[in-house]
**Student:** 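Pasting a structure below so you can have a look.
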Amino acid sequence: MTLQIAPPPAIPAFNPDRLCQDLTGRGWSQQTITDTALLTALRDEAMTLWQEDELSRAGIGRATDHELVREIRRDKTRWFDGASPAQRGWLDFAESLRLQLNQRLALGLFSFEAHYAVYEPGGFYRRHLDSFRGARNRILSSVLYLNPGWHSRNGGLLRLYDESDDQAITDIVPEFGTFAVFLSEEIPHEVTPALAPRFSIAGWHRCNDLARAPALQTKVLPIAAI
Ligand code: OGA
Ligand code: MN
């Protein structure tokens with residue numbers, strides 16, 4: 001007998017119109033992905049990579065102080081390389097999302113990157129932004145959760161904050177199929193300590209706007225001689 005994992009019906013199924021409304025109105029959205037075959041394949045792959053010790057301790061930007069990093073985040077990650085059908089399935093979904101959002105909201109999304117993440121018991125990620133304001137590098141953050149029957153008492157909640165008044169806006173439970181999307185430069189967020197292994201895929205749609213992100217340009221122009 002195969003185990004049937006059905007996503008809980010409380011959060012409506014993925015709907016691009018609602019996603020666009022949510023993003024323009026409040027900067028974040030919570031949806032449900034209902035393709036159970038894809039979700040199950042992604043969960044199986046994440047679980048296998050974890051069991052086979054194929055994930056690495058996550059870092060922060062270019063930080064090299066590992067103790068400092070451990071105070072800020074404790075998860076293990078593995079970047080997608082598109083090698084498995086499950087990964088390609090999720091990358092295809094992200095690509096269709098990219099095209100729809102560009103068409104409807106003119107976001108200028110250019111590329112997508114994603115990694116599996118596992119928060120082992122005690123894992124957390126302190127409050128942070130995924131992109132510095134004005135960098136216009138990571139535009140849209142998304143997280144797909146892969147944990148059937150997750151209980152709130154296991155912690156591991158994604159807590160979103162209002163940038164202006166520092167209040168928590170909402171807690172997102174990392175239940176199987178739940179898909180959180182938010183603006184990378186505008187929504188501070190944290191992962192509260194998880195008490196059970198917590199599986200997810202974090203992804204970022206980026207723009208390639210060099211004119212607006214001079215700091216990202218690798219070409220160094222010579223300073224004009226005075
Ligand atoms: C991240 C992140 C949130 C989550 O990886 O940057 O904030 O719920 N993840 O896993
Ligand atoms: Mn983040």
Side-chain angles (χ1 to χ4, degrees), residues 27-28 45-81 111-147 150 152-174 178 180-210 212-218 220:
W28 65 276
E45 185 168 72
M47 183 77 93
T48 303
L49 289 168
W50 180 56
Q51 284 165 347
E52 294 180 353
D53 210 14
E54 297 283 340
L55 298 126
S56 320
R57 269 190 192 180
I60 310 165
R62 288 181 200 145
T64 49
D65 181 340
H66 297 297
E67 283 310 307
L68 178 67
V69 171
R70 294 266 303 155
E71 286 312 305
I72 295 171
R73 73 184 292 188
R74 283 188 205 173
D75 58 331
K76 290 180 173 173
T77 59
R78 164 104 175 201
W79 287 100
F80 271 33
D81 56 12
S111 62
F112 179 73
E113 62 188 355
H115 63 53
Y116 284 116
V118 181
Y119 290 71
E120 293 171 339
F124 59 81
Y125 197 157
R126 300 239 185 266
R127 182 177 154 152
H128 65 280
L129 275 172
D130 285 345
S131 179
F132 293 112
R133 185 174 283 284
R136 283 192 59 87
N137 185 9
R138 288 175 165 178
I139 302 293
L140 200 70
S141 301
S142 57
V143 194
L144 174 68
Y145 298 103
L146 301 169
N147 309 289
W150 187 266
S152 300
R153 65 168 179 268
N154 284 333
L157 304 172
L158 172 63
R159 183 161 293 160
L160 305 184
Y161 287 92
D162 187 306
E163 198 182 24
S164 51
D165 63 11
D166 261 11
Q167 296 291 309
I169 309 170
T170 192
D171 280 346
I172 294 178
V173 177
T178 294
V181 185
F182 53 91
L183 298 177
S184 307
E185 292 181 7
E186 287 173 25
I187 306 284
H189 55 282
E190 71 174 314
V191 179
T192 68
L195 302 181
R198 173 197 194 263
F199 295 86
S200 59
I201 298 167
W204 296 273
H205 282 90
R206 292 174 173 269
C207 75
N208 190 29
D209 190 349
L210 293 179
R212 291 205 234 180
L216 300 174
Q217 296 188 48
T218 48
V220 179

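Being a predicted model, the structure only gives us computed values, none of them experimental. Only heavy atoms go into these numbers, but all of them, side chains included; no hydrogens, no water, no symmetry mates.
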**Student:** From L140 CG over to S131 OG, what is the distance, rounded to the nearest 0.5 angstrom?
**Tutor:** 11.0 Å
**Student:** Test of understanding: with side-chain contact (heavy atoms from CB on, under 4.5 Å), list the residues that count as partners of A180, not counting sequence neighbours.
**Tutor:** Y145, L158, I172
**Student:** Hey, what do you get for CG (N147) to CE (M47), rounding to the nearest 0.5 Å?
**Tutor:** 8.5 Å
**Student:** Which pair of heavy atoms, one from T77 and one from A58, lies closest together, and at what distance?
**Tutor:** CG2-CB, 3.9 Å
**Student:** Closest approach of A117 and D75, non-hydrogen atoms and distance?
**Tutor:** CB-OD2, 4.1 Å
**Student:** Excluding sequence neighbours, so at least two apart, what forms ring-ring contact (aromatic ring centres under 6.0 Å, His included) with H189?
**Tutor:** H128, F182
**Student:** With distance as the sole test, does D65 use its side chain to make a donor-acceptor pair with the main-chain N or O of L68 at under 3.5 Å?
**Tutor:** yes
**Student:** Quick one: side-chain contact (heavy atoms from CB on, under 4.5 Å) partners of R74, sequence neighbours excluded?
**Tutor:** R70, E71, F124
**Student:** S200 and V143: which non-hydrogen atoms are nearest, and at how many Å?
**Tutor:** CB-CG1, 3.9 Å
**Student:** Taking atom CG of L129 and atom CD1 of I187, what is their separation to the nearest 0.5 Å?
**Tutor:** 9.0 Å
**Student:** Which value, rounded to the nearest 0.5 Å, describes the distance between D130 atom CG and L183 atom CG?
**Tutor:** 11.0 Å
**Student:** Please check: side-chain N/O of S184 versus main-chain N/O of S141, any donor-acceptor pairing under 3.5 Å?
**Tutor:** yes
**Student:** Anything under 30° is parallel, anything over 60° is perpendicular, the rest tilted; go ahead and classify W79 against W204.
**Tutor:** tilted
**Student:** Can you see which heavy atom on I201 is nearest to which on A114, and at what distance?
**Tutor:** CG2-CB, 4.0 Å
**Student:** Could you please spell out the steps behind the side chain to side chain contact (heavy atoms under 4.5 Å, CB included) verdict for R127 and D166?
**Tutor:** CA-CA 11 Å; R127 182 177 154 152; D166 261 11; 2.9 Å; yes
**Student:** Please list, chain by chain and in numerical order, all residues satisfying side-chain contact (heavy atoms from CB on, under 4.5 Å) with E52, sequence neighbours excluded.
**Tutor:** T48, E54
**Student:** Is there side-chain contact between R138 and R206, with heavy atoms separated by less than 4.5 Å?
**Tutor:** yes
**Student:** Which pairs of donor and acceptor atoms, one on a side chain in residues 190-199, lie under 3.5 Å apart (sequence neighbours left out)?
**Tutor:**
| unit_1 | atom_1 | unit_2 | atom_2 | d |
| --- | --- | --- | --- | --- |
| E190 | OE2 | Y161 | OH | 2.5 |
| T192 | OG1 | G156 | N | 3.2 |
| T192 | OG1 | L157 | N | 2.9 |
| R198 | NE | G156 | O | 2.7 |
| R198 | NH2 | G156 | O | 3.2 |

**Student:** Once rounded to the nearest 0.5 Å, what's the spacing between atom CG of D171 and atom CD1 of I169?
**Tutor:** 10.5 Å
**Student:** Identify the two heavy atoms, one from E163 and one from E185, that lie closest to each other, and give their separation to 0.1 Å.
**Tutor:** OE2-O, 3.7 Å
**Student:** Do the non-hydrogen side-chain atoms of T178 and W150 ever get within less than 4.5 Å of each other?
**Tutor:** no
**Student:** How far does OG of S56 sit from NZ of K76, to the nearest 0.5 angstrom?
**Tutor:** 9.0 Å
**Student:** According to ring-ring contact (aromatic ring centres under 6.0 Å, His included), who are the partners of F80, at least two apart in sequence or on a separate chain?
**Tutor:** Y116
